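Single-structure report; data block below.
Every value quoted in this text rests on a predicted model; they were computed, and no experiment measured them. Any value given below was found using the heavy atoms of this structure, including those in side chains, with hydrogens, waters and symmetry copies removed.
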Amino acid sequence: SRQECVWSIKLFLHQEGAANFSCQVCGDIPRKEFAYTCDQELIFCEYCIDMKLRQNMDVQHKKRMPMVVQNMINDLKVKCVNFSQCKFRGTIRSLLEHEKSCKTKGGGKNNKNGKAKECPLQRIGCTEFTPGTYLDTHYHDNQQQHLDHVLTYVDQKLFAMQQQHHEQMTTVVTQIQDLQNENMQLQQQVRQLSMAKDNLTQEMKKILARLQEQHVRNGKTYKIIVD
């Protein structure tokens, strides 16, 4: 893979100077065993120059990078690939030795070689990780991709929450409308019952009046109580 062919440009303490030795395609610094130049003496990592050759682009031939240039690269100042935990600062040449004994190896999800088996962001869409590479290098080489994955994941979560909220609100609104309709029906029934009661009361009063009138004529007085 490309990541196995290069040192990330972000490992170098003086990136502007290191850029003079960077691959013409990916912009990172070719490792010694993967460092090549073309017929125009431009620098490439093996991954990128092979890609150009396969595509029949502007590169016709490849050859090993001259030893003198490789030595200049090996003398560039870098930090450890695990720089978030390791304070090592030195040359590429000394970094190769340092990697064998780096105390940050094996931590967390890293294996015995201090390299990760998978990217923690894989579950939200990261497909750029190559098993066996360092997470620090992977993170710094794929910052934009990781940001895109995180933003996409957040957008999807927000959309799902909005959809769920919309469905819940629709259900609540429907229930409120049903309750309002039921309330209106109950109010109408109450009005009808009230009117029926008023009518019945009027009828009872008329009956009472007739009874009282009849009993007065008969010389008797009765008191009828209507609740």
Side-chain angles (χ1 to χ4, degrees), residues 1-19 21-36 43-55 65 73-74 76-164:
S1 68
R2 187 192 71 79
Q3 291 178 335
E4 295 174 336
C5 295
V6 297
W7 299 102
S8 171
I9 188 68
K10 296 173 182 177
L11 294 179
F12 291 80
L13 301 182
H14 305 289
Q15 294 182 16
E16 291 184 2
F21 304 96
S22 62
C23 171
Q24 295 296 306
V25 177
C26 66
D28 288 324
I29 310 302
R31 293 175 180 259
K32 179 179 179 180
E33 60 272 30
F34 302 107
Y36 286 86
I43 295 175
F44 293 91
C45 69
E46 185 174 19
Y47 180 91
C48 291
I49 198 169
D50 285 348
M51 177 184 67
K52 278 184 167 288
L53 288 171
R54 286 195 301 271
Q55 296 175 353
M65 178 184 289
I73 292 177
N74 286 336
L76 294 173
K77 300 291 184 179
V78 293
K79 50 192 173 184
C80 178
V81 291
N82 294 313
F83 55 83
S84 62
Q85 296 129 351
C86 178
K87 296 182 179 180
F88 169 84
R89 300 293 184 273
T91 63
I92 288 286
R93 201 185 311 275
S94 58
L95 176 62
L96 295 172
E97 291 298 322
H98 167 76
E99 282 188 320
K100 299 176 183 179
S101 59
C102 180
K103 294 181 179 180
T104 62
K105 292 181 179 179
K109 294 184 178 180
N110 290 351
N111 59 23
K112 294 181 180 180
N113 295 322
K115 299 178 180 180
K117 296 179 180 179
E118 63 181 23
C119 174
L121 297 179
Q122 179 178 349
R123 67 185 185 87
I124 65 171
C126 177
T127 58
E128 294 83 10
F129 185 76
T130 301
T133 56
Y134 293 99
L135 279 179
D136 283 336
T137 302
H138 172 66
Y139 287 151
H140 281 270
D141 286 350
N142 297 278
Q143 291 183 34
Q144 185 60 51
Q145 292 91 329
H146 283 168
L147 178 61
D148 292 341
H149 292 319
V150 171
L151 291 176
T152 300
Y153 176 77
V154 172
D155 287 343
Q156 290 174 346
K157 284 292 184 182
L158 286 175
F159 179 77
M161 291 174 63
Q162 290 173 346
Q163 287 291 100
Q164 183 179 8

- prompt: Under 4.5 Å between any side-chain heavy atoms of C80 and H98, yes or no?
  reply: yes

message: Using the salt bridge (charged side-chain N to carboxylate O under 4.0 Å, His left out) criterion, which residues pair with K10? Sequence neighbours excluded.
response: none

- prompt: Under the 3.5 angstrom rule, does the side chain of T152 hit a backbone N or O of D148 as a donor-acceptor pair?
  reply: yes

Separation of K79 NZ from K87 NZ (nearest 0.5 Å): 14.5 Å

message: Does any part of the side chain of I73, heavy atoms only, come nearer than 4.5 Å to the side chain of M65, both counted from C-beta?
response: yes

message: So which atom in K52 and which in V25 form the shortest heavy-atom distance, rounded to 0.1 Å?
response: CE-CG2, 3.5 Å

- prompt: Less than 4.5 Å apart, any side-chain heavy atom of C23 and any of D28?
  reply: no

- prompt: What is the minimum heavy-atom distance between A18 and I9, and which atoms define it?
  reply: CB-CD1, 3.8 Å

task: Decide yes or no for H146 and L121: does some side-chain heavy atom of the first lie under 4.5 Å from some side-chain heavy atom of the second?
output: yes

- prompt: Any sub-3.5 Å donor-acceptor pair from N74's side-chain atoms to I92's backbone N or O?
  reply: no

E97 side, atom CD; T91 side, atom OG1 - distance, nearest 0.5 Å: 10.0 Å

- prompt: With a 4.5 Å heavy-atom cut-off, do S22 and I43 have their side chains touching?
  reply: no

message: I need the D50 CG to Q55 CD distance, nearest 0.5 Å.
response: 11.0 Å

- prompt: Does NZ in K32 sit with more than 12 non-hydrogen atoms of other residues, nucleotides or ligands closer than 6.0 Å?
  reply: no

query: Run the side-chain contact (heavy atoms from CB on, under 4.5 Å) check on Y153 and R123 step by step: do they pass?
result: CA-CA 10 Å; Y153 176 77; R123 67 185 185 87; 4.1 Å; yes

field: Heavy-atom side-chain proximity of V6 to I29 below 4.5 angstrom
entry: no

task: Would you please test V78 and L13 for side-chain contact (heavy atoms from CB on, under 4.5 Å) and show each step?
output: CA-CA 5 Å; V78 293; L13 301 182; 5.6 Å; no

field: Over 12 non-hydrogen atoms of neighbours within 6.0 angstrom of CD in E33
entry: yes

query: To the nearest 0.5 Å, what is the distance between CH2 (W7) and CZ (F34)?
result: 11.0 Å

Reported CZ-to-SG distance for the pair R31 and C5, which is rounded to 0.5 angstrom: 9.0 Å

- prompt: Looking at CG of L95 and CZ of R93, how far apart are the two atoms once the value is rounded to the nearest 0.5 Å?
  reply: 12.0 Å

- request: Indicate the atoms forming the closest heavy-atom contact of F88 with S94, along with that distance.
  value: CZ-OG, 3.5 Å

